[in-house]
Amino acid sequence: MFIELESLFNGGIDSIPVNYDFDYSKEEISGVFPFTTPVKLKGEIRNTAGLVTVSATITFTMDIVCDRCAEKAVLSFEVPMQHGLVSELNDEENDDYILIEDMKLDIEQLTLEDIYLALPGKLLCKEDCKGVCPQCGANLNEGPCSCKKEIDPRFEALLDLLGD
Ligand SMILES: [Zn+2]
Ligand SMILES: [Zn+2]
């Protein structure tokens, strides 16, 4: 999905509305395809006194398998998209700006990149997911299991010191 930006860069128009649904259902993350529903992008690309910026909000859900407890979960995200766009690079390298080649912006690709940058390193069913017991495999979010906590005797003395 490309947006033609020539008339925006040359001042013919002030802004271009951005309102898209993208289908990323073929995007694979660690063996699953989490984008089961369309990803929404809403905002605008604006030329303010020669400075072209895209500002929009990416709204989406992901069907994930929790990295900690392996249960399925649906997570909702709202990620801001904010970039300066330039049609040619000046001397200084600047990561804040995106170089637009041929006056065309691949907004679908940019949205996906912004999503990947915004995702946390671990996808958890909830922030405080307790995970599974390393001994019996029980899901500790559903309550404690009946395993005895095995404590290394060398640590017991230390725990006594730290106790109370
Ligand atoms: Zn979990
Ligand atoms: Zn257990």
Side-chain angles (χ1 to χ4, degrees), residues 1-3 15-46 52-86 93-101 104-164:
M1 172 71 223
F2 287 91
I3 299 180
S15 69
I16 297 174
V18 165
N19 197 351
Y20 297 104
D21 284 359
F22 293 130
D23 175 10
Y24 297 130
S25 58
K26 293 187 177 65
E27 287 296 321
E28 185 183 336
I29 300 179
S30 349
V32 295
F33 297 89
F35 302 104
T36 52
T37 56
V39 170
K40 293 190 180 303
L41 179 72
K42 202 166 166 42
E44 65 170 5
I45 308 174
R46 174 166 284 280
V52 177
T53 50
V54 53
S55 53
T57 304
I58 313 166
T59 311
F60 59 100
T61 62
M62 293 176 80
D63 280 38
I64 60 130
V65 174
C66 177
D67 279 333
R68 207 173 276 163
C69 72
E71 291 291 318
K72 288 184 173 180
V74 179
L75 307 181
S76 298
F77 292 91
E78 208 175 275
V79 173
M81 172 190 276
Q82 193 78 246
H83 300 284
L85 310 178
V86 291
E93 285 277 313
N94 197 333
D95 286 346
D96 294 343
Y97 291 94
I98 295 172
L99 177 64
I100 303 300
E101 308 203 34
K104 287 186 184 70
L105 170 65
D106 188 345
I107 191 80
E108 192 167 357
Q109 181 62 32
L110 182 61
T111 302
L112 193 59
E113 286 169 13
D114 279 0
I115 288 175
Y116 280 126
L117 284 177
L119 288 183
K122 279 187 185 301
L123 292 169
L124 302 179
C125 61
K126 53 186 177 185
E127 230 171 275
D128 60 346
C129 171
K130 295 185 176 72
V132 295
C133 169
Q135 289 169 58
C136 71
N139 185 340
L140 299 177
N141 295 308
E142 289 160 9
C145 63
S146 50
C147 292
K148 278 218 188 77
K149 295 273 175 291
E150 282 179 24
I151 297 175
D152 187 317
R154 283 169 299 176
F155 286 125
E156 262 178 356
L158 183 65
L159 287 174
D160 282 345
L161 285 174
L162 293 172
D164 311 320

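When a residue number appears, it is its place in the shown sequence, counting from 1.
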Mark yes or no for whether Y24, through its side chain, and P34, through its backbone, hold a donor-acceptor pair below 3.5 Å.
no

Heavy-atom count around K126 NZ within 6.0 Å, excluding the residue itself: above 12?
yes

In short, S55 meets Q82 closest at the heavy-atom pair CB-OE1, 3.0 Å

Would you give the length of the straight line joining atom CD1 of I107 to atom CE of M1, rounded to the nearest 0.5 angstrom?
8.5 Å

Please report the closest heavy-atom contact between D114 and M81, naming both atoms and the distance.
OD2-CG, 3.2 Å

Between the CD atom in E71 and the CD atom in E142, the distance rounded to the nearest 0.5 Å is 6.0 Å

Gap between atom NE2 of H83 and atom OH of Y97 - 0.5 Å precision
13.0 Å

All heavy atoms of G131 vs all of C69, minimum pair found to be CA-CB, 3.9 Å

If you look at every heavy atom in K130 and R68, which pair is closest and at what distance?
C-CD, 4.5 Å

Would you check if I29 and L119 make a side-chain contact, meaning some heavy-atom pair closer than 4.5 Å?
yes

Quick check for you: to the nearest 0.5 Å, what is the distance between L85 atom CG and T53 atom OG1?
7.0 Å

Atom CD of E101 with >12 non-hydrogen neighbours under 6.0 angstrom
no

Ring geometry between F60 and F77 (parallel below 30°, tilted from 30 to 60°, perpendicular above 60°):
parallel

Please name the pair of heavy atoms, one in N141 and one in C125, separated by the smallest distance, quoted to 0.1 Å.
ND2-SG, 4.4 Å

Taking the side chain as every heavy atom from C-beta outward, state whether F22 and E27 have any atom pair closer than 4.5 Å.
no

Considering non-hydrogen atoms only, spot the tightest contact between M62 and F35 and give its length.
CG-CE2, 3.8 Å

What distance do T57 atom OG1 and K40 atom NZ have between them, rounded to the nearest 0.5 Å?
13.0 Å

How many angstroms lie between atom CD1 of I58 and atom OH of Y20, to the nearest 0.5 angstrom?
14.0 Å

Using side-chain heavy atoms (C-beta onward) and a distance below 4.5 Å, is I3 in contact with V18?
yes

Would a 4.5 Å heavy-atom cut-off, applied to side chains only, mark C66 and L124 as touching?
yes

Got V52 and I45 here, is their nearest side-chain heavy-atom distance under 4.5 Å?
yes

With a 4.5 Å heavy-atom cut-off, do K72 and D63 have their side chains touching?
no

